[in-house]
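The structure under discussion appears below in the form of structure tokens.
Side chains are part of it too, since the values below use all heavy atoms of this structure and drop only hydrogens, waters and symmetry mates. Note that the numbering runs from 1 along the sequence shown for the chain.
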Amino acid sequence: MISFEEAGRLLGLAAARDQRTVGDADILAWHADLNAANVTYSVAEQALTRFYAKDMASLEPDQRRRVTTPDIIGIARKIRAERVVDFVYEPPTGDEDPHYLRRLRNQLEATANGERPAAPERLAISSGKPRDMKALTDLIGRKVPDEPGEEPAAEVVAIRRPGPLGVACPTCKAAIGRPCKVDGFSDKRRPRELKNPHSARGRVARGEPASTETPEEIERRRAASLAALERLAETQTEAQEEAS
């Protein structure tokens, strides 16, 4: 609770900044508003300082105004919320905590009021801005130098995905992590994705050859294809001669 003396002290600090005139009615109003919002004196004083040193300092002189109790209450809530971001509950000694909820509320309240640190012991990685976490996670996968002073490798080791999707498909050329596609589509048409990967992709993922054919079988199939092309060419030539 804020006393009448503390409410008058807050108004005196405000008057020193904005040259207002303070009367008994002002003290009564501030006392009632701040206590109704459960704002402590220390938090209210910090909110008053932030209002003039930060909020009003960023405005042009003709846009500045005097502080009111809603300003103090709003900033005080922000201050309390900032203090409990890294809150860590401190359990009592032993295996049982019969008064957990009451202890939790008391610790949260003390932390929000600045009477208790958010974490009794400093965390290895505290919460913060996303870019701070990204700077830490970017180091994962980097080579550890063998000798002191040796610069770590700049590249990050690629993480291989298990299963057939961990390799590129030799049949449809699907990239790592992408499902296999049905062959025979032009570039202007989006190929249809297959539910199961091609069998050759599964063999490559297991460390086996992509094709199950022997070199002799491949050579026979290649020779048969060449012979078929030659016959087709001869047929086309004969048709052109007859037409002429």
Side-chain angles (χ1 to χ4, degrees), residues 1-140:
M1 295 288 292
I2 291 180
S3 64
F4 286 102
E5 290 76 11
E6 290 173 335
R9 196 179 308 157
L10 287 171
L11 278 165
L13 293 173
R17 293 175 169 96
D18 56 28
Q19 292 76 49
R20 72 177 65 196
T21 301
V22 178
D24 293 340
D26 300 304
I27 297 176
L28 288 173
W30 277 53
H31 177 268
D33 292 350
L34 297 181
N35 281 321
N38 295 321
V39 179
T40 63
Y41 175 80
S42 61
V43 177
E45 186 177 6
Q46 293 173 23
L48 182 66
T49 300
R50 181 181 293 192
F51 176 83
Y52 283 105
K54 185 177 180 180
D55 295 353
M56 292 299 102
S58 62
L59 301 177
E60 295 297 330
D62 58 341
Q63 296 177 336
R64 296 170 187 166
R65 58 183 175 81
R66 293 176 177 177
V67 68
T68 62
T69 51
D71 296 322
I72 297 295
I73 294 170
I75 299 174
R77 288 173 178 170
K78 292 180 181 178
I79 293 174
R80 289 169 58 87
E82 293 167 359
R83 287 175 174 171
V84 298
V85 168
D86 293 324
F87 172 79
V88 176
Y89 174 69
E90 187 175 8
T93 304
D95 298 332
E96 296 183 358
D97 190 358
H99 306 294
Y100 166 73
L101 289 178
R102 184 175 64 185
R103 184 186 296 271
L104 175 64
R105 294 191 187 100
N106 291 339
Q107 290 184 15
L108 278 171
E109 185 69 17
T111 302
N113 290 334
E115 302 167 359
R116 173 190 181 275
E121 296 182 3
R122 185 174 179 84
L123 302 177
I125 300 179
S126 60
S127 63
K129 298 180 180 179
R131 62 173 178 268
D132 299 333
M133 290 298 297
K134 187 177 185 301
L136 293 173
T137 54
D138 282 346
L139 300 177
I140 298 175

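For the atom pair OG1 (T111) and CD (E90), the distance works out to 9.5 Å, reported to the nearest 0.5 Å. The structure places OG of S58 at 9.0 Å from CD of Q63, a figure rounded to the nearest 0.5 Å. For the atom pair T40 OG1 and E109 CD, the distance stands at 8.0 Å (nearest 0.5 Å). The distance from atom CZ of R83 to atom CD of E115, rounded to the nearest 0.5 Å, is 9.0 Å. Note: F4 CZ to R9 CZ = 14.5 Å, rounded to the nearest 0.5 Å. Note that the CG atom of L108 and the CZ atom of R105 stand 9.5 Å from one another [nearest 0.5 Å].
In this structure, the side chains of I75 and D55 come closer than 4.5 Å at one or more pairs of heavy atoms. L34 has its side chain within reach of L10: a pair of non-hydrogen atoms, C-beta onward, lies under 4.5 Å apart.
Remark: side-chain polar atoms of R64 are paired, donor with acceptor, to backbone N or O of M56 under 3.5 angstrom. Using a distance-only test at 3.5 Å, with no hydrogens or angles considered, a donor-acceptor pair links the side chain of Y52 to the main chain of V67.
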Practice task
Apply the test side-chain contact (heavy atoms from CB on, under 4.5 Å) to residues R17 and T49: give CA-CA distance (whole Å), side-chain angles for both, the deciding distance (0.1 Å), then the verdict.
Solution key: CA-CA 10 Å; R17 293 175 169 96; T49 300; 3.7 Å; yes

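In terms of heavy atoms, M1 sits closest to E6 at O-OE1, 3.8 Å. In plain terms, the two heavy atoms of A76 and A47 that are nearest each other are N-CB, 3.9 Å.
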Identify all side-chain donor-acceptor contacts of residues 23-32 below 3.5 Å with residues at least two apart in sequence or on another chain.
{"from": "D26", "atom 1": "OD2", "to": "G23", "atom 2": "N", "distance (Å)": "2.8"}
{"from": "H31", "atom 1": "NE2", "to": "I2", "atom 2": "O", "distance (Å)": "3.0"}
{"from": "H31", "atom 1": "NE2", "to": "N35", "atom 2": "ND2", "distance (Å)": "3.1"}

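Annotation: ring pair (Phe, Tyr, Trp, His ring centres under 6.0 Å) contacts involving residues 74-99, sequence neighbours excluded, comprise Y89-Y100.
R65 is linked by a side-chain hydrogen bond (donor to acceptor under 3.5 Å, both in side chains) to D71, counting only residues two or more places apart in sequence or in another chain.
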